[in-house]
There are 2 protein chains.
Amino acid sequence: MAIRNYHHGMTTKTYPMPFTRIELIVFAVHPSGLEVLLIKRTEAPFAGQWALPGGVLRIDMDMDLESAAQRIAVERLGTPVPYIEQWGAIGGASRDPRAPWALSIVYQALVPGEQIQPKPGKRIAAIDWRPASDAATDATLAFDHRKLIELAMTRIRSAIDRLELPAGYFETPFTLTELQATCEAILGHRLDKSSFRRKLAERQLVQPVEGQFRQGAFRPAQLFELVAADPRNASR
Amino acid sequence: MAIRNYHHGMTTKTYPMPFTRIELIVFAVHPSGLEVLLIKRTEAPFAGQWALPGGVLRIDMDMDLESAAQRIAVERLGTPVPYIEQWGAIGGASRDPRAPWALSIVYQALVPGEQIQPKPGKRIAAIDWRPASDAATDATLAFDHRKLIELAMTRIRSAIDRLELPAGYFETPFTLTELQATCEAILGHRLDKSSFRRKLAERQLVQPVEGQFRQGAFRPAQLFELVAADPRNASR
DNA sequence: CCAAAAGTGTTGTGACTACACCCATGT
DNA sequence: ACATGGGTGTAGTCACAACACTTTTGG
């Protein structure tokens, strides 16, 4: 069960390489607030404790880091995630007892609602959604995962605060009220309808889908979609 | 010169691990604007071309990623850098001809002025400062390094825009005019003195060093220092 | 006509830019 | 005295939150 060795060899020199994994912080928006996906580990280290889903980087299977993250998402969720973003990398000599040096590339994802009902798979005792603010204060999580969730929450909230709406996430088309409710669930507080809509209009973030309306019990609502995200406008 | 193999072994399974490097984007503030440190490669691939300084992650020497980045900074600059920040990771199967799968953790650093005069070392033909806006548009840079510099510039500028002053970077103590000149050089445009100072005061970013003044040709200027950076205030 | 949700207008407040102005010092 | 950079005050503008208001539907 222990790791024997790993190394990187050249004709001139040989360097051992770190045990490299991908960790996923998968958020979902629940009416009561943000939720995060956790798995219960069956194997040491931290057997029986909850942790972020993740997996080993497979250079024989993955073309790049993002496809590695998507592969692991499929393994855990049963479906690729529409929006994924790299968070950063953490690495050190004493992060994971299984290896002398462990490196994790952390990705952050947002999936629509809780339509995804993941099933426990290989080497996983259980997999379930947990309220994110709950998990961010749970000291019993495995590895350094509590801290990662805490930072990811502040990160996603500040992105929504700045109205950086993650393209590909929101189930288009949507009504403006639905969009606002989603943002409110992520932020954890109410927003003003008028201010919210003014900012959406000024920054041209959404556009109406002409002739399409959400029919309901009351007045129908215009459906909108995100306007194509600006491709890295470094100008200003 | 080619790489033979590298792998990660367990008693149950064996996974090959990626060729893992650290790349450094070292910025310096020059009166004429932001500059970036580049090296001229002697070896393939991209021999004779300019590239970012970097080095292989050495799990036998580095306790964690940040100390790896500092070790490489010392190797290249001859001195540790006071401010360094992780930028992210890029990895893929076709990034570096030397290895089937290459992973780079990119770090961004800011060093005071150009007091640092790095000397060419092993496997480096030359090392020199280049205007950053120049390098960000130079298509002849090795690997994907042009893109990395471009993104790093927008990143550091937006940080300075938000007055996130990288603690440990600025040579304390400083006068407010010196601090403003540094920010202007990074941003590439002039700032209003009054607005700049009002924001510094309101957000309590700097505090005067009592009784200390910069003597010069004219009226002496109060010296300031950064107030201790808030340790991740997720509240609000 | 009423309830409920969609959608728009309005107003006061606070933050910012641009600019003008005083202050202190060496020559 | 005056040139130079240090340091402060002010007025117009703009973005915003809060809140009130009108509109449109189903029952």
Side-chain angles (χ1 to χ4, degrees), chain A residues 31 157-165 170-227 235-236, chain B residues 29 31 157-165 170-227 236:
Chain A
R157 282 182 170 163
S158 86
I160 296 295
D161 246 338
R162 280 171 277 139
L163 277 186
E164 289 174 15
L165 303 179
F170 298 95
E171 292 186 90
T172 45
F174 44 76
T175 71
L176 295 186
T177 305
E178 288 163 3
L179 182 65
Q180 182 179 340
T182 302
C183 291
E184 285 172 345
I186 294 172
L187 291 173
H189 61 81
R190 299 302 308 272
L191 295 171
D192 182 77
K193 182 170 55 167
S194 182
S195 301
F196 185 73
R197 292 176 180 213
R198 180 180 21 78
K199 279 182 260 185
L200 289 178
E202 273 173 3
R203 303 178 199 178
Q204 302 183 30
L205 299 174
V206 295
Q207 58 193 4
V209 184
E210 297 297 342
Q212 293 217 32
F213 295 88
R214 172 87 75 233
Q215 302 294 337
F218 303 105
R219 172 175 174 177
Q222 173 70 57
L223 288 174
F224 287 82
E225 62 190 2
L226 289 176
V227 50
S235 63
R236 189 266 161 107
Chain B
V29 180
R157 282 180 170 165
S158 85
I160 296 295
D161 247 338
R162 280 172 277 140
L163 276 188
E164 287 174 15
L165 304 179
F170 299 95
E171 292 187 90
T172 47
F174 44 76
T175 70
L176 295 186
T177 304
E178 288 163 3
L179 182 66
Q180 182 178 341
T182 302
C183 290
E184 285 171 346
I186 295 172
L187 291 173
H189 62 81
R190 300 301 309 270
L191 295 172
D192 182 79
K193 183 168 56 165
S194 182
S195 301
F196 185 72
R197 291 175 181 215
R198 181 180 21 79
K199 279 182 258 186
L200 288 179
E202 272 172 3
R203 303 178 200 180
Q204 303 184 30
L205 298 173
V206 296
Q207 57 193 6
V209 185
E210 295 297 342
Q212 293 217 33
F213 295 88
R214 171 88 73 233
Q215 302 295 337
F218 303 104
R219 172 177 173 178
Q222 173 70 56
L223 288 174
F224 287 81
E225 62 189 4
L226 289 175
V227 49
R236 193 264 164 105

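No hydrogens, no waters, no symmetry mates; every other heavy atom, side chains included, goes into these values. In what follows, every chain begins at residue 1, and chains take the letters A, B, ... in the order their sequences are listed.
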**Asked** Just how far, in rounded Å, is P of D:dC14 from CD of A:Glu202?
**Response** 12 Å
**Request:** Establish, from distance only, whether the side-chain atoms of A:Arg198 and A:Ser194 form a donor-acceptor pair under 3.5 Å.
**Result:** no
**Request:** Report yes if a donor N or O on one partner sits less than 3.5 Å from an acceptor N or O on the other, where the partners are the side chain of B:Arg219 and the base of C:dA24; otherwise report no.
**Result:** no
**Asked** Between A:Arg198 and A:Ala217, which has a closest nucleotide on DNA chain D that is more 5'?
**Response** A:Arg198
**Request:** Describe the nucleic acid contact of B:Ser194 in one word from base, sugar-phosphate, nothing, applying a heavy-atom distance below 4.0 Å.
**Result:** base
**Request:** Report which part of the nucleic acid A:Lys199 touches: base, sugar-phosphate, or nothing (heavy-atom distance under 4.0 Å, all strands).
**Result:** sugar-phosphate
**Message:** Please report the distance, rounded to the nearest Å, between CG in A:Leu200 and C1' in D:dC16.
**Reply:** 14 Å
**Item:** 5'-most by nearest nucleotide on DNA chain D - A:Asp192 or B:Asp192
**Value:** B:Asp192
**Message:** With a 4.0 Å cutoff (strictly under), does any side-chain N or O of B:Arg203 reach OP1 or OP2 of C:dA15?
**Reply:** no
**Asked** With a 4.5 Å limit on heavy-atom distance, are the side chains of A:Leu179 and A:Phe224 in contact?
**Response** no
**Asked** Atom CG of A:Leu223 to atom P of C:dA6: distance rounded to whole Å?
**Response** 11 Å
**Prompt:** What's the CZ-C1' distance between B:Phe196 and C:dA18, to the nearest Å?
**Reply:** 17 Å
**Asked** Reckon A:Gln215 touches a base, only the sugar-phosphate, or nothing at all at heavy-atom distances under 4.0 Å?
**Response** nothing
**Asked** Which nucleotide, D:dC16, D:dG6, C:dT25, lies nearest any side-chain atom of B:Pro220?
**Response** C:dT25
**Request:** Give the nucleotide from the list C:dT25, D:dC16, C:dG7 with an atom nearest to the side chain of A:Ala221.
**Result:** C:dG7
**Fill in**
Contacts of A:Phe218 and A:Lys193 projected onto DNA chain C by closest heavy atom; the upstream (5') one is A:Phe218
**Request:** Step by step, work out the side-chain contact (heavy atoms from CB on, under 4.5 Å) result for A:Ile160 and A:Thr182.
**Result:** CA-CA 10 Å; A:Ile160 296 295; A:Thr182 302; over 6 Å; no
**Asked** Quick one: are B:Val227 and B:Val206 in side-chain contact, heavy atoms under 4.5 Å?
**Response** no
**Item:** Distance in angstrom units between B:Leu179 CG and D:dG7 C1', rounded
**Value:** 15 Å
**Asked** B:Ser195 near the nucleic acid: base, sugar-phosphate alone, or nothing, with a heavy-atom cut-off under 4.0 Å?
**Response** base
**Request:** Could you check how far CZ of A:Phe224 sits from C1' of C:dG7, rounded to whole Å?
**Result:** 9 Å
**Prompt:** Can you check whether B:Ala159's main-chain N or O pairs, donor with acceptor, with B:Glu164's side chain at less than 3.5 Å?
**Reply:** no
**Complete:** To the nearest angstrom, the CD-P distance between B:Gln180 and D:dG7 comes to 12 Å
**Request:** Check the distance between D:dG9's P and B:Arg197's CZ and give it to me in whole angstrom.
**Result:** 12 Å
